[in-house]
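Letters A, B, ... are given to chains in the order of the sequence lines, protein chains preceding strands, and every chain is numbered from 1. What you see is a predicted model; the values in this text were computed from it and never measured.
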2 protein chains.
Amino acid sequence: MSHDNSTKEYSISDLAEEFDVTTRTIRFYEDKGMIHPERRGQTRVFLARDRVRLKLILRGKRLGFTLKEICEIIDMYDDVAGEKGQLNLLLEKIKIRRTELEEKRRDLDAAEQELIEVEGRISARMKELGLS
Amino acid sequence: MSHDNSTKEYSISDLAEEFDVTTRTIRFYEDKGMIHPERRGQTRVFLARDRVRLKLILRGKRLGFTLKEICEIIDMYDDVAGEKGQLNLLLEKIKIRRTELEEKRRDLDAAEQELIEVEGRISARMKELGLS
DNA sequence: GTTTACCTTTACGTAAACGTAAAGTATTTT
DNA sequence: AAAATACTTTACGTTTACGTAAAGGTAAAC
């Protein structure tokens with residue numbers, strides 16, 4: 001077994017197309033130290049690891065985190081290899097982030113409920129006005 | 001019954017304090033036409049309606065919507081009083097927004113799952129290193 | 001061999017969402 | 001009446017997250 005680890009490669013425009021962002025965006029993220037593609041000559045070569053990171057970044061953005069926050073969150077994934085004291089701190093950080101996510105979930109639930117209510121009011125109004 | 005409708009009043013700093021934003025932020029939202037406080041002389045007087053709007057705005061922000069998107073969403077709540085064609089369009093818009101919310105929910109679930117996994121790996125690592 | 005298609009760096013520009021300072025008004029406290 | 005407090009408008013400044021040329025390198029296709 002060459003324990004393959006999915007050694008596929010991607011160009012910058014491969015990823016840009018797949019995730020519907022511009023190449024500028026990807027280069028910007030590299031500039032900020034959020035992705036670390038390899039180089040073949042001067043050309044960037046992205047591996048599975050980079051692709052995962054990009055996916056995480058974009059997900060973070062959809063959830064309303066800033067790039068700085070996203071950095072902090074993603075960096076946690078790599079910090080599991082620390083020693084005792086570090087790990088306790090890391091657990092604390094994770095707890096805080098999970099609390100944030102729960103708050104977002106409550107916001108999400110509330111927002112969805114309101115849309116559902118508006119739909120209800122619209123249906124009622126449409127029946128009032130005639131047939132649907 | 002004076003069908004009170006909670007006719008309480010708020011100053012700009014009341015709301016700023018309650019929601020932990022600056023007065024500048026609130027004035028900015030008014031400037032953008034997102035809140036419409038009354039005036040007593042030149043001083044702003046906020047009513048329950050304005051407070052609700054502010055709450056909606058801040059919730060939208062926490063969910064990663066732009067102020068423009070938040071405007072579009074909040075405006076939908078007022079558009080229920082339209083006629084037939086408008087209402088159908090409105091239903092379409094709501095459907096789109098609900099789809100967005102569902103995507104955010106999937107993102108949220110995935111993010112939470114990953115944090116849980118990291119917690120697991122940390123616990124394992126801590127047992128490896130000795131006692132917790 | 002030159003066009004086409006990607007890739008690169010450098011660098012100024014921009015929209016969004018406020019921050020911050022200046023300068024003034026109105027009321028309440030000492 | 002002087003000081004403190006809370007409100008106001010006006011306007012320039014700042015950070016974030018890229019957009020958008022400009023100017024060029026490299027490799028396949030015609």
Scan [X] against the nucleic acid and name what it touches under 4.0 Å (heavy atoms): base, sugar-phosphate only, or nothing.
| X | result |
| --- | --- |
| B:Lys61 | sugar-phosphate |
| B:Ser13 | sugar-phosphate |
| B:Arg27 | base |

Could you give the CG-to-C1' distance, from A:Asp31 to D:dG19, as a whole number of Å?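 Value for this atom pair: 15 Å.
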Calculate the interatomic distance between A:Glu17 atom CD and C:dA5 atom C1'; express it in whole Å.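 In whole Å, C:dA5 C1' lies 14 Å from A:Glu17 CD.
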Derivation and outcome, side-chain contact (heavy atoms from CB on, under 4.5 Å), residues A:Leu58 and A:Tyr29: CA-CA 11 Å; A:Leu58 297 176; A:Tyr29 294 157; 4.1 Å; yes
By nearest atom, which of the nucleotides [options] is closest to the [X] side chain?
| X | options | result |
| --- | --- | --- |
| A:Phe28 | D:dA11, C:dT8, D:dA17 | D:dA17 |
| B:Leu67 | D:dC7, C:dC18, D:dA17 | C:dC18 |
| B:Arg44 | C:dC7, C:dT9, D:dT8 | D:dT8 |

Without swapping roles, check the side chain of A:Thr22 against the backbone of A:Thr25 for a donor-acceptor pair under 3.5 Å.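 Flag set: sc A:Thr22 to bb A:Thr25 pair under 3.5 Å.
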Any Lys/Arg nitrogen of A:Glu30 or A:Arg39 sitting under 4.0 Å from an Asp/Glu carboxylate oxygen of the other?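 Yes, A:Glu30 and A:Arg39 are salt-bridged.
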Does a salt bridge link B:Glu102 with B:Arg105, judged by any charged N lying under 4.0 Å from a carboxylate O?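 Salt bridge absent between B:Glu102 and B:Arg105.
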Under 4.0 Å between a side-chain N or O of A:Arg39 and OP1 or OP2 of C:dT9?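 Answer yes for this pair, as a side-chain N or O of A:Arg39 is under 4.0 Å from OP1 or OP2.
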Return no unless some side-chain N or O of B:Tyr29 is found under 4.0 Å from OP1 or OP2 of C:dC18.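 Answer yes for this pair, as a side-chain N or O of B:Tyr29 is under 4.0 Å from OP1 or OP2.
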Residue whose closest nucleotide on DNA chain C lies nearer the 5' end, B:Arg24 versus B:Lys32: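 Here B:Lys32 is the residue nearer the 5' end.
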Residue mapping more 5' on DNA chain D - nearest nucleotide basis, B:Ser11 or A:Thr66: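 On the 5' side of the pair lies B:Ser11.
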